[in-house]
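Have a look at the structure below, then the notes.
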Amino acid sequence: MFGIGARDIGIDLGTANTLVYVKGKGIAVREPSVVAVQTDTKQIVAVGNDAKNMIGRTPGNVVALRPMKDGVIADYETTATMMKYYMKEAQKKGVFGNKPYVMICVPSGITAVEQRAVIDAARQAGARDAYPIEEPFAAAIGADLPVWEPTGSMVVDIGGGTTEVAIISLGGIVTSQSIRIAGDEMDDAIIVYIRKNYNLMIGERTAEAIKMEIGSAGDTEGVDNMEIRGRDLLTGLPKTIEITADEISKALGDTVSAIVDSVKNTLEKTPPELAADIMDRGIVLTGGGALLRNLDKVISEETQMPVIIAEDPLDCVAIGTGKALDHIHLFKTKSRDSR
Ligand SMILES: Nc1ncnc2c1ncn2[C@@H]1O[C@H](COP(=O)(O)OP(=O)(O)OP(=O)(O)O)[C@@H](O)[C@H]1O
């Protein structure tokens, strides 16, 4: 009676953003994975965009937390509450019915206990049942790669907390690597560069804005300078400076190299037949980090392989969780086997 319905949902519980995908409807919720909490009572005062706007701007008794910083669940209780909140938001919009099946993509660094806890939280939030899916696998499905066929596909998902590199064939991950270096690390590198070179303290949100506006993995030709504001560490007063794209490219150098190395390491471990398939199809980049200017070119130069940025890289994982619902029987078997 309760088969797989048109209103089952997929959740991309990302370290930077959480997306809820409703089967037959598309993406229903897209918000930052941020929660603002009252420090004394532990009460949640805001979630998502409202909470993100509070980062670095809260009074003493409120903290804006990213409960999944660095690709792992740093704060389980808050993560579970946040996920429930987003499921309720989607439900409020009337986009899914009672008791949907839920496919959840969790950061790959997550432990079995944490995974269990997230699944339980989804059940508590009203899921009939919930199944975990590995992030690069979901990204590959979302990027329309032929994951179920006996041919090699390679996906590099560059998110906020982690970069996941995986070779996929016949519905499984053949080889993969996950490093805790991605978008957040790029923001931190910009903060450190500006502090060291200009004695100027800038916040996470400013660093992210700089990365998105003028950041580049390589060539910076045609990219304008940018005016940025922060606090002068010598005088303690607010100050505006102008920085060039070349400087930011230099600041991002180590992070970009780490991502490229991880791609190369994974390629080295790839069986030759699959490597040949990937050579034909190209390496596919997903996740918000795929949008860093010229990152595709740099990876292509370094690996001598074609590199393609997926359509809607920020949505691939969520779309993949949604599409994976069509194959939920496979995930049910897997989850039963691991119990
Ligand atoms: N245009 C852009 N240029 C560079 N980076 C970008 C751009 N747009 C988004 N990003 C970065 O992408 C990251 C978020 O990507 P995404 O939403 O795929 O991560 P996530 O799935 O939440 O994280 P994870 O995969 O680590 O769990 C952030 O670090 C953000 O700053």
Side-chain angles (χ1 to χ4, degrees), residues 10-21 27 29-34 48-49 52 55 66-74 79 82-83 86 104-110 114-115 118 132-140 142-143 155-166 176-191 203-218 220 223 226 245 248-249 251-252 255-256 259 262 284-296 298 309-321:
I11 301 178
D12 168 12
L13 199 55
T15 51
N17 299 298
T18 297
L19 284 77
V20 180
Y21 180 96
I27 290 166
V29 174
R30 178 203 308 272
E31 296 225 30
S33 307
V34 183
N49 280 317
K52 187 170 184 186
I55 289 185
R66 291 185 50 194
M68 297 191 299
K69 215 169 156 52
D70 298 331
V72 287
I73 297 189
T79 302
M82 183 178 76
M83 194 180 62
Y86 287 133
I104 308 180
C105 180
V106 289
S108 66
I110 183 172
E114 286 171 333
Q115 184 163 300
V118 170
I133 178 170
E134 286 170 279
E135 193 159 14
F137 194 65
V155 68
V156 182
D157 181 58
I158 308 151
T162 53
T163 295
E164 317 255 353
V165 186
S176 68
Q177 192 173 45
S178 169
I179 54 168
R180 287 192 189 165
I181 294 177
D184 292 345
E185 192 82 10
M186 294 181 196
D187 302 346
D188 288 346
I190 293 173
I191 293 176
E204 273 173 44
R205 301 218 49 196
T206 303
E208 186 182 34
I210 297 170
K211 171 184 72 178
M212 289 181 179
E213 209 172 312
I214 64 167
S216 173
T220 56
V223 187
M226 184 174 172
I248 298 306
S249 170
L252 296 177
T255 318
V256 170
I259 293 172
S262 161
V284 176
L285 306 188
T286 64
L291 294 169
L292 181 72
R293 196 178 275 107
N294 291 324
L295 184 58
D296 53 338
V298 171
I309 301 174
E311 212 176 296
D312 304 322
L314 280 154
D315 296 353
C316 278
V317 170
I319 294 171
T321 53

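Residue indices begin at 1 and follow the sequence shown. In each ligand, atom 1 is the first atom listed, and ligand 1 is the first ligand listed.
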_Glu164 and ligand 1 - part of the residue with a heavy-atom distance under 4.0 Å_ = neither
*Do Ser262 and Gln177 have side-chain atoms, one donor and one acceptor, less than 3.5 Å apart?*
yes
*Before signing off on this row, confirm whether Ala16 and ligand 1 have an N or O atom pair separated by under 3.5 Å.*
yes
*Any chance you could measure Lys211, atom NZ, to Leu291, atom CG, to the nearest 0.5 Å?*
10.0 Å
*Quick check: does any side chain N or O of Ser33 sit under 3.5 Å from a backbone N or O of Gly14, one acting as donor and the other as acceptor?*
yes
*asked:* Is there a polar contact, in the sense of an N or O pair closer than 3.5 Å, between Gly160 and ligand 1?
replied: yes
*For atom 27 (O) of ligand 1, which candidate among Leu19, Leu291, Thr15 holds the nearest heavy atom?*
Thr15
*Looking only at distances, please establish whether an N/O atom of ligand 1 is found under 3.5 Å from an N/O atom of Thr162.*
yes
_Quick test of your reading of the structure: of Gly288, Ala217, Cys316, Ser216, whose heavy atom lies closest to atom 16 (P) of ligand 1?_
Gly288
*Close approach, Ala182 and ligand 1, non-hydrogen under 4.0 angstrom*: no
*Taking atom CG of Leu252 and atom CG of Leu292, what is their separation to the nearest 0.5 Å?*
6.0 Å
*State which residues pass salt bridge (Lys or Arg N to Asp or Glu O under 4.0 Å) with Asp296; sequence neighbours excluded, sorted by chain then number.*
none
*Could an N or O of ligand 1 be found under 3.5 Å from any N or O of Ile158, whether backbone or side chain?*
no
*Hey, is Val317 one of the residues with a heavy atom under 4.0 angstrom from ligand 1?*
no
*List in chain and number order the residues that pass salt bridge (Lys or Arg N to Asp or Glu O under 4.0 Å) with Glu208, two or more places apart in sequence or in another chain; answer none if no residue qualifies.*
Lys52
